[in-house]
Amino acid sequence: MKNLSELKGNWNETKGKLKQKFAILTDSDVLLIEGKQDEMLGRLQIKLGKTKEELQKVISEL
């Protein structure tokens, strides 16, 4: 996965693409807060039924 600074720099674009790809996601699901990246990934894992590695792959491919 992209490092946190790269992810934060493009996060508005990335979260829009995630929400397009997975319509069940809400703004709170993709809220990226400093120091809480793992918490956000955990919410996405639960909501999408994907492993951390699968999510990292999806995000890196966007």
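Excluded from the calculations below are hydrogen atoms, water molecules and symmetry mates; all remaining heavy atoms, backbone and side chain alike, are included.
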**Q** Quick one: CG on Asp38 to CD on Gln45, what's the gap to the nearest 0.5 Å?
**A** 9.0 Å

**Q** To the nearest 0.5 Å, what is the distance between NZ (Lys36) and CG (Leu41)?
**A**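 Going from NZ on Lys36 over to CG on Leu41, the span is 14.0 Å.
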
**Q** Just wondering, do Leu18 and Val58 contact through their side chains at under 4.5 Å, heavy atoms?
**A**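 The answer is yes, as the side chains (C-beta and beyond) meet within the 4.5 Å cut-off.
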
**Q** Rounded to the nearest 0.5 Å, what separation is found between the CE atom of Met40 and the CH2 atom of Trp11?
**A**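 These two atoms lie 4.0 Å from each other.
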
**Q** Is there a side chain to side chain contact (heavy atoms under 4.5 Å, CB included) between Val30 and Phe22? Walk through the geometry before answering.
**A** CA-CA 11 Å; Val30 293; Phe22 302 103; over 6 Å; no

**Q** What is the distance from atom CD of Glu39 to atom CG of Leu31, rounded to the nearest 0.5 Å?
**A**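 Rounded to the nearest 0.5 Å, the CD-CG separation comes out at 9.0 Å.
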
**Q** Once side-chain contact (heavy atoms from CB on, under 4.5 Å) is applied, do any residues pair with Lys17, and if so which ones, sequence neighbours excluded?
**A** Glu13, Leu62

**Q** For Arg43 and Ser28, indicate whether the former's side chain and the latter's backbone hold a donor-acceptor pair under 3.5 Å.
**A**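 Checked: pair present.
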
**Q** Which one of Leu25, Ile24, Asp29, Thr26 satisfies the side-chain contact (heavy atoms from CB on, under 4.5 Å) criterion with Lys19?
**A**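 Single pass found, and it is Leu25.
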
**Q** Inspect the surroundings of NZ in Lys57 and state if more than 12 heavy atoms from other residues, nucleotides or ligands are less than 6.0 Å away.
**A** no

